[in-house]
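Everything numeric in this text was worked out from a predicted model, so none of it was measured. Chain letters run A, B, ... following the sequence lines, proteins first, then strands; residues in each count from 1.
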There are 2 protein chains.
Amino acid sequence: MATIKEIAEAAGLSIATVSRVLSNSNYPVSDDTRARILKVAQELGYSPNLAARSLRTDQSSLIGVILDNFSSTWAPIIIRGLQDVLHSRGYFSMVVNIPWQIYSQSDVVQNLLGHSVDGFVFVETWHPVGEHLGLLNEKPYVTVHRLFHEPDPFSVIPDDVYNSTLTIDHLIQLDHQRIAYIAGHEEYFSSEERLTGYKQSLANVGLPVEQDLIFRGDWSITSGYQNSQRIFALANRPTAIAAANDQMAYGAILAAQDAGLRVPEDIAIVGYDNDEIAQVSNPTITTVQMPLFKMGRIAAENLLNRIHGKEHVATEQLIKGDLFIRQSSGDPAGADIRAHDYTRDSNIPDSQRTRR
Amino acid sequence: MATIKEIAEAAGLSIATVSRVLSNSNYPVSDDTRARILKVAQELGYSPNLAARSLRTDQSSLIGVILDNFSSTWAPIIIRGLQDVLHSRGYFSMVVNIPWQIYSQSDVVQNLLGHSVDGFVFVETWHPVGEHLGLLNEKPYVTVHRLFHEPDPFSVIPDDVYNSTLTIDHLIQLDHQRIAYIAGHEEYFSSEERLTGYKQSLANVGLPVEQDLIFRGDWSITSGYQNSQRIFALANRPTAIAAANDQMAYGAILAAQDAGLRVPEDIAIVGYDNDEIAQVSNPTITTVQMPLFKMGRIAAENLLNRIHGKEHVATEQLIKGDLFIRQSSGDPAGADIRAHDYTRDSNIPDSQRTRR
DNA sequence: TTTGACATAGAAAACGTTTTCTGCTATTGT
DNA sequence: ACAATAGCAGAAAACGTTTTCTATGTCAAA
């Protein structure tokens, strides 16, 4: 590995000058010497020692990314979005998985600071950042898809209220008047937001919000199944069920099938997330997808702006999602599972789509 | 951030001595001064500047992890396994997603070297490491779950031959005599290995290997569906189908249902991978799971051994998986989808299981 | 002319470590 | 009792950068 010093000798110049051109300083250097240095650097295959640079400038070009759960469906897509802009701007990320249960005990963040990261991204974490980590006052941070309730001025989150209305409005357009709702776990921020969307959609067209039609699940298939059984037992059975995620929607489908009800003819069902299960279940599930890749990109841009001291409007950013109409609400085209392949996330550039 | 110098002043000692105790050098230091230094360091909240350390020692405690596809089902679990041992040994990983299509053009690896990473892990990559990256001769590396055919002495891969026999032996025990096989894409290493396992199991019990019963898919649900249609059209219909992954097994289930066949009564079906789809499909799919978390751990240990110059037997390490018996091969207990929650990977410690 | 101002380049300090070298004291072996 | 050694601590160099300070020559304005 060639150093700046070797280049200086080879070019017959001082290391100061070499540094100035190789670090893109805006200190004036004649075109002549600049060209000579670049040429020599090229020939010697120079690549800067980032440890030395970091030591001198106290900037590492390293971003700490902290996850609650690496294996969630969303996290990898968000991270790809983050890295898409970070890499293009010369930054690297150090992604660490810290389950919220061991959050406070963990010294990982401390170690990240030892690497003098330039900032943090919290992805799908549980607690307000400052709560466990007072030390973060030193470094800029952003949060993506936060799970907690307290607002955070530097977060990029899906517009769950709006997204939820997409599925409910869709059902209303299909002339459903009585729509049951299976909410998610109440300790989740998203859960309450989606419920709000459900209520808004009904209110918008003058439909009553009946408490008897609102059920509480815990995101699991099982809870979707069990709540649906209760829904089917209602005296005046609703014609549609909206669930706060695709897992519960799938549970509803299983329950309907076990109860001898046809989906969507007897009961229409919609979900949320566009998880794999929504794309492969039988019938496929009408759902809404958060633009995770884009959210990652925006978060990274916000963070870099903060790091470089640019103006950043400190406010939550709500990102809208897209509706996917499939069989479970009555679109026969959803049958394409057997005929076509599917991809996971329409926000992924073609070059990065999964091959398998 | 306190430095070694400040601690030296506060303790009335030289920075050399402070460094020796704080870096766990084995240079002799009296218990007295060692205790004093540790106390002061504790009080001042010392955390070493890793850039400086890295500059001086040319070791960064950083590991580059290179992925072909972040969003695969397997990658996150492997990475968690990697990080489980890396973090406990004071290392951090820089995970980068480089699709094989842009592999050679990418300067990401070059940049990683600029960060003077101590080693590389290649996860699910496509090409033999050296092929595109001659520079790797400088740094130790290991590969996990490699997708290419050429053997690699430093790889940790699933024992696909053995794992495949688990599902076939299972079918044979259930008295199936004619078992069709849907193989994966032939350019994948795993694909051919799993096919070999199928043939071995048949040969072991003296069953003939009929070329007419071996079909070629491309991992997709669609290809499982279409190949199964051909299987059902055979004059002497097999009583079981084994697929090289769960997606194709699911395609087989859909095809069976569309053909009016009952699974498993008329046709038994087994898959491979224990993907989410195997756990939630109706019927649930008998399959085999690779111990991804463990593979990640072993790979990390191998790498650290190489880095620290310890003896490492340079040979592929084949890791055995576990059979999961479910409904699609005839186990009624698989019905538990409606009654119980499921988790993705039994190798994940409880504290890290997905919450959602 | 003279005076700045500017463009350009080098010398040297600094960032926070680790480690070699040097030196002192106390202990051991003869 | 004396040399050799071991234990311990400090001074200083080094790692590869960036950046301040200094120095030169050139050019435009007065």
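- With rounding to whole Å, A:Asn49 atom CG is found 6 Å from D:dT17 atom P.
- Listed nucleotides: D:dT17, C:dA9, D:dT19. Nearest to the side chain of A:Thr17: C:dA9.
- Here the P atom of nucleotide D:dC8 and the CZ atom of B:Arg34 are 9 Å apart, to the nearest Å.
- The separation between A:Asp32 atom CG and D:dT26 atom P is 15 Å, rounded to whole Å.
- B:Arg56 contributes no side-chain N or O that forms a donor-acceptor pair with the base of D:dG16 under 3.5 Å.
- Atoms CD1 (B:Ile15) and P (C:dT20) sit 15 Å apart, rounded to a whole Å.
- For C:dA9, the base has a donor-acceptor partner in the side chain of A:Tyr27 [N/O atoms by modelled type, under 3.5 angstrom].
- Between A:Phe70 and B:Phe70, the two ring planes are tilted [angle within 30° to 60°].
- For the pair B:Arg20 and A:Arg20, both in contact range of DNA chain D, the more 5′-proximal nearest nucleotide belongs to B:Arg20.
- Contact between the side-chain N/O atoms of B:Ser30 and the OP1/OP2 oxygens of D:dC8 is not found at any separation under 4.0 Å.
- Rounded to a whole Å, the CZ atom of B:Arg53 is 10 Å from the P atom of C:dT19.
- OP1 or OP2 of D:dT18 lies within a sub-4.0 Å distance of a side-chain N or O belonging to A:Ser19.
- Put simply, A:Ser14 has a side-chain N or O that comes within less than 4.0 Å of OP1 or OP2 on C:dG10.
- Counting to the nearest Å, the C1' atom of D:dC15 and the CG atom of B:Leu50 are 15 Å from each other.
- Contact annotation for B:Thr33: backbone-only contact, meaning every heavy-atom pair under 4.0 Å involves sugar-phosphate atoms and none involves a base.
- If you find the closest nucleotide of DNA chain D to B:Ala16 and to B:Ala52, the one lying nearer the 5' end belongs to B:Ala16.
- Atom pair A:Leu13:CG and C:dA11:C1' shows a separation of 14 Å (rounding to whole Å applied).
- Side-chain atoms of B:Arg146 come within 3.5 Å of backbone N or O of B:Phe148 as a donor-acceptor pair.
- We find that CG of B:Leu55 is positioned 14 Å from P of C:dC15, with the value rounded to whole Å.
- Summarising the geometry of A:Ile79 relative to A:Val95, their closest heavy-atom pair is CD1-CG1, 3.9 Å, with the distance given to 0.1 Å.
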